[in-house]
Colleague: 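Here's a structure for you.
Computed from a predicted structure; not experimentally measured.
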Amino acid sequence: MINSLLVYIHLLAACVAIGILLIQDYALFQTHGRRLTTLEIAELHLNAKRVSIALLLLWVTGIAIVIKGYIGHPDYIINQKLWAKLSVVVVLTVNGYLLHNFCFPRLCKPQGLNELSSSEKVLLALAGSLSTTSWLYASYLGIARHWSFSVNYTDMMAIYAGTFLMLFIIACQCLWYFSKVSQITQQTDHLTRAWSENKKNIEQPTVQALHDTR
């Protein structure tokens, strides 16, 4: 009964965190790199706190599950899937610190994401894609019973690294796309303003000449 409750809370925390994470990622994608509004910044910080609580529950229930499993079956801890999941969660925790102390302050800057330096954008893409990959992969390892005592640690971590690399490339492409769209928009606005000013300058002498003729 206790083990079932621990597993339920463990999986529930992971599901809630992934749901919040995917919704937040989609919301940031919808901004196309523009400056975040006050409401969007508040929502970002609130979701960050929710995910942090979910991560804490993941650690507490995970440790309890491991201890209980070891007491019942001492060979429980030699399952390489367990160590792969632990490694992913450790990466997730360290990356969470990076997100809170580096990424979020830059996402909330007045100039917006598109005006950040290239190195800052790369680090944002790295941290964001690593967070998404880690949550999704840790959850998969939690339900992949067929990998227990059958897949070695190196292979599992290689799949993890490959998935992260794919998401990282996609994140970088999105940031590049946002920057290009922003540049085109700024250039279009500049040309529109210049055309309007030129038109006004041309019309004013013409109107004045007609007035003088009359």
Colleague: List, by chain and number, the other hydrophobic cluster members for Leu123, where Ile, Leu, Val, Met, Phe, Trp and Tyr join if side-chain heavy atoms come within less than 4.5 Å, directly or indirectly.
Modeller: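 When side chains under 4.5 Å apart are linked, the cluster holding Leu123 also contains Leu98, Phe102.
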Colleague: Closest heavy-atom contact between Val151 and Met156?
Modeller: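 For Val151 versus Met156, the nearest heavy atoms are O-CE, 3.2 Å.
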Colleague: Working note: Ile65 + Tyr76, criterion side-chain contact (heavy atoms from CB on, under 4.5 Å); need CA distance, chi angles, decisive distance, verdict.
Modeller: CA-CA 10 Å; Ile65 290 170; Tyr76 181 85; 3.7 Å; yes
Colleague: Looking at CG of Leu21 and CZ of Arg50, how far apart are the two atoms once the value is rounded to the nearest 0.5 Å?
Modeller: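 One finds 13.5 Å between CG of Leu21 and CZ of Arg50.
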Colleague: Might you point out which heavy atoms bring Arg35 and Glu40 nearest each other, and give the distance in Å?
Modeller: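 Scanning both residues completely, I find the closest heavy atoms to be O-OE1, 4.3 Å.
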Colleague: Could you walk me through whether Asp155 and Trp147 pass the side-chain contact (heavy atoms from CB on, under 4.5 Å) test, one step at a time?
Modeller: CA-CA 11 Å; Asp155 290 342; Trp147 280 11; over 6 Å; no
Colleague: Could you tell me the separation between the NZ atom of Lys109 and the CZ atom of Phe104, rounded to the nearest 0.5 Å?
Modeller: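 So the NZ of Lys109 and the CZ of Phe104 are separated by 15.5 Å.
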Colleague: May I ask whether Leu39 and Ile23 are part of the same hydrophobic cluster, defined by side-chain heavy atoms of I, L, V, M, F, W, Y residues being less than 4.5 angstrom apart, directly or through others?
Modeller: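 No; Ile23 is not reachable from Leu39 via cluster members.
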Colleague: Is there a path of hydrophobic side-chain contacts, each under 4.5 Å between heavy atoms, that joins Leu92 and Leu22?
Modeller: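 Linked within one cluster.
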Colleague: Would you please test Val88 and Lys85 for side-chain contact (heavy atoms from CB on, under 4.5 Å) and show each step?
Modeller: CA-CA 5 Å; Val88 173; Lys85 184 178 179 181; 5.7 Å; no
Colleague: If you look at every heavy atom in Tyr137 and Ile159, which pair is closest and at what distance?
Modeller: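 Taking every non-hydrogen atom into account, OH-CB, 3.6 Å.
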Colleague: Is it true that a side-chain atom of Ser131 and a backbone atom of Ala127 form a donor plus acceptor pair closer than 3.5 Å?
Modeller: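 Absent.
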Colleague: Once you round to the nearest 0.5 Å, how far does CH2 of Trp83 lie from CE of Met157?
Modeller: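 Trp83 atom CH2 to Met157 atom CE measures 13.0 Å (nearest 0.5 Å).
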Colleague: Check whether any side-chain heavy atom of Leu28 sits under 4.5 Å from a side-chain heavy atom of Leu36, and report yes or no.
Modeller: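 Of all side-chain heavy-atom pairs linking Leu36 with Leu28, at least one is under 4.5 Å.
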Colleague: Is Lys121 reaching over with its side chain to a backbone N or O of Asn114, donor-acceptor style, under 3.5 angstrom?
Modeller: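 At least one qualifying donor-acceptor pair exists.
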Colleague: Should Ile63 and Val90 be counted in the same cluster of Ile, Leu, Val, Met, Phe, Trp and Tyr side chains packed under 4.5 Å apart?
Modeller: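 Yes, it is one cluster - the side chains of Ile63 and Val90 are joined through contacts under 4.5 Å.
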Colleague: NE2 of His73: more than 12 outside heavy atoms within 6.0 angstrom?
Modeller: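 Open.
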Colleague: Do the side chain of Asn95 and the main chain of Val91 share a donor and acceptor less than 3.5 angstrom apart?
Modeller: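 Looks like no, no N/O pair under 3.5 Å.
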Colleague: Mind checking the CG-OH spacing from Leu165 to Tyr160? Nearest 0.5 Å is all I need.
Modeller: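 Going from the CG atom of Leu165 to the OH atom of Tyr160 covers 12.5 Å.
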Colleague: Indicate, with yes or no, if Phe168 and Leu130 share a hydrophobic cluster defined by side-chain heavy-atom contacts under 4.5 Å among Ile, Leu, Val, Met, Phe, Trp and Tyr.
Modeller: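 Yes, it is one cluster - the side chains of Leu130 and Phe168 are joined through contacts under 4.5 Å.
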Colleague: Identify the heavy atoms of Ala54 and Ala13 that sit nearest to each other, and give their distance.
Modeller: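 Taking every non-hydrogen atom into account, CB-O, 3.5 Å.
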Colleague: Atom OG1 of Thr37 and atom CD of Glu43: how far apart are they, to the nearest 0.5 Å?
Modeller: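 These two atoms lie 10.0 Å from each other.
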Colleague: Looking at Leu6, Leu5, Leu12, Leu11, which hits side-chain contact (heavy atoms from CB on, under 4.5 Å) with Ile9?
Modeller: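 That would be Leu5; it is the only one of Leu6, Leu5, Leu12, Leu11 passing the side-chain contact (heavy atoms from CB on, under 4.5 Å) with Ile9.
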Colleague: Is there side-chain contact between Cys108 and His45, with heavy atoms separated by less than 4.5 Å?
Modeller: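 Heavy-atom side-chain distance check passes, below 4.5 Å.
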Colleague: If you look at every heavy atom in Ser129 and Phe164, which pair is closest and at what distance?
Modeller: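 Closest approach of Ser129 to Phe164: OG-CE1, 3.4 Å.
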Colleague: Which distance, rounded to the nearest 0.5 Å, do you find between the CG of Leu56 and the OG1 of Thr61?
Modeller: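 Leu56 CG to Thr61 OG1: 9.0 Å, rounded to 0.5 Å.
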Colleague: Please state whether the rings of His32 and Phe29 are parallel, tilted or perpendicular, taking 30° and 60° as the class boundaries.
Modeller: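 Perpendicular: the ring planes of His32 and Phe29 meet at over 60°.
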Colleague: Would you say the side-chain atoms of Lys81 pair up with the backbone N or O of Leu141, donor to acceptor, closer than 3.5 Å?
Modeller: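 Yes: the side chain of Lys81 pairs with the backbone of Leu141.
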Colleague: Just do the side-chain contact (heavy atoms from CB on, under 4.5 Å) check on Leu113 and Arg34 with the steps written out, would you?
Modeller: CA-CA 6 Å; Leu113 179 62; Arg34 63 163 171 76; over 6 Å; no
Colleague: Taking atom OH as the centre, does Tyr153 end up with more than 12 heavy-atom neighbours from other residues, nucleotides or ligands that are less than 6.0 angstrom away?
Modeller: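 Enclosed.
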Colleague: Can you name the closest pair of heavy atoms from Trp135 and Leu58 and give their distance?
Modeller: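 Scanning both residues completely, I find the closest heavy atoms to be CZ3-CD2, 3.8 Å.
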Colleague: Let me check something: do Leu99 and Ile20 share a hydrophobic cluster, defined by ILVMFWY side-chain heavy atoms less than 4.5 Å apart, either directly or through other members?
Modeller: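 Cluster IDs for Leu99 and Ile20 differ.
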Colleague: Flag the pair Leu82 / Phe149 as yes when at least one side-chain heavy-atom distance between them is below 4.5 Å, and no otherwise.
Modeller: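 Not in contact.
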Colleague: Is a side-chain donor-acceptor pair under 3.5 Å present for Thr132 with Asp25?
Modeller: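 Side-chain D/A pair, Asp25 to Thr132: present.
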